[in-house]
Number of protein chains: 2
Amino acid sequence: MNASINNIRNKIAEKGLKVTPQRMSILEAIYNLENHPTVEQIIEFIRKKHPNIATGTVYKVLDTLVSNDLVKKVKTEKDIMRYDGLIENHHHLYCVVCDHIEDYMNAELDEILKRFFEENKIDNFIIEDIKLQINGRFIIHKNVNR
Amino acid sequence: MNASINNIRNKIAEKGLKVTPQRMSILEAIYNLENHPTVEQIIEFIRKKHPNIATGTVYKVLDTLVSNDLVKKVKTEKDIMRYDGLIENHHHLYCVVCDHIEDYMNAELDEILKRFFEENKIDNFIIEDIKLQINGRFIIHKNVNR
DNA sequence: TTTTAAAAGAGAATGATTCTCATTAAAGAA
DNA sequence: TTCTTTAATGAGAATCATTCTCTTTTAAAA
Ligand SMILES: [Mn+2]
Ligand SMILES: [Mn+2]
Ligand SMILES: [Zn+2]
Ligand SMILES: [Zn+2]
């Protein structure tokens, strides 16, 4: 998920969006921050190098990035919105202890699910995608507090 | 998921909670409302018969019900909290068109998942439960607007 | 360099949720 | 049944993340 400055510039430009320093730093922040950062964490990261960015701009840019499929929103059991720089469809491990969210990808699992739902059609419903929310606990936690 | 007045009273009492008219009507509302109602819908329903219930009380009671495992919170892609009267572990169909959420239960699927993760342990993580978020579209929608 | 539409900045507004504190009522004891 | 205690409720203020409004700035194309 690392991306160079030019990489980031291209991703934004490819969508036909104006390449602004704000958009660049927000996308850069999401790629650099731990995993699935909150808006608060994104703002904190950006203000190190770009102290005057407006809060409203961060929200607006995030919306733009989401609707252009450059980032995705991730919801937790709790009420905090998080953002995900990995846009390929994937699953998540949710730690009930420390709130850490980790990506989970497994092609075999996706194949099993695909087969299951081909054989078990749901009346009146067309599936577009399936995401697993795998709740549990890591043996070693990231931030024991909060 | 239907429950008589006495049923509801017992559910609350069994948890060692005081049986108040407010708690009764909120639990009754969740059982009676469509599917996975929002706080707004719950308040609207209750005020028909109990016009003076305070908004803060509804939030407080909902928290109490959730922490006593009488109802569950359900998150949507969007930013609206919903409540679920079905407390057994189950999956959800999310309609991307009309926001309707429908329960999905299938013992065979759960068995397949159980077996898969027994054979594919995740390093450093102990699974407690797995929920599928099945996104797609119903052929017939509930509320085409909103 | 100039033009122009889109984006950003500043700060007010919104709205769902939480908080505070005085009043009320459920549940158990007498 | 009445009393006592403690938790729950009501009313409205406070909070806080997010959105909105409006002015200024700027990226991109001419
Ligand atoms: Mn992810
Ligand atoms: Mn449900
Ligand atoms: Zn953890
Ligand atoms: Zn629908």
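Residue numbers start from 1 in every chain, and the chains themselves are labelled A, B, ... in the order their sequence lines are given, proteins ahead of strands.
Between the C1' atom of D/dA28 and the NZ atom of A/Lys18 lies a distance of 7 Å, rounded to the nearest Å. The separation between B/Leu17 atom CG and D/dT9 atom P is 10 Å, rounded to whole Å. A/Arg23 has its CZ atom 15 Å from the C1' atom of C/dG9, to the nearest Å. Taking atom CG of A/Asn68 as the reference point, atom P of C/dA7 lies 10 Å away to the nearest angstrom. Atom CG of B/Leu62 is separated from atom C1' of D/dT9 by 14 Å (rounded to the nearest Å). If you take OH of B/Tyr59 and C1' of D/dA14, they are 15 Å apart, rounded to a whole angstrom. At whole-Å resolution of the value, NZ in B/Lys60 and P in D/dG12 are 16 Å apart. Remark: P of D/dA8 and CD1 of B/Ile12 are 12 Å apart, rounded to the nearest angstrom.
Side-chain nitrogen and oxygen atoms of B/Gln22 include at least one within less than 4.0 Å of the OP1 or OP2 phosphate oxygen of D/dG10. The phosphate of D/dA8 (OP1 or OP2) has no side-chain N or O of B/Thr20 nearer than 4.0 angstrom.
Remark on DNA chain D: of its neighbouring residues B/Thr64 and A/Thr55, the 5'-side contact belongs to B/Thr64, judged by nearest-heavy-atom nucleotide. Across the interface with DNA chain C, nearest-nucleotide mapping of A/Ile53 and B/Val39 shows A/Ile53 to be the residue nearer the 5′ end.
Neither A/Ile140 nor A/Ile134 shares a network with the other; the hydrophobic side chains, linked directly or stepwise wherever heavy atoms of I, L, V, M, F, W or Y lie under 4.5 Å apart, form separate groups for each.
A centroid separation of 6.0 Å or more is found between the aromatic rings of A/Phe125 and B/Tyr94. In this structure, A/His100 has its ring center closer than 6.0 angstrom to the ring center of A/Phe138.
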Under the side-chain contact (heavy atoms from CB on, under 4.5 Å) criterion, do B/Val74 and B/Tyr83 qualify, and how do the steps go?
CA-CA 6 Å; B/Val74 179; B/Tyr83 290 86; over 6 Å; no
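Distance from the side chain of A/Pro21 is smallest to D/dA27 among D/dA27, C/dA10, D/dT9.
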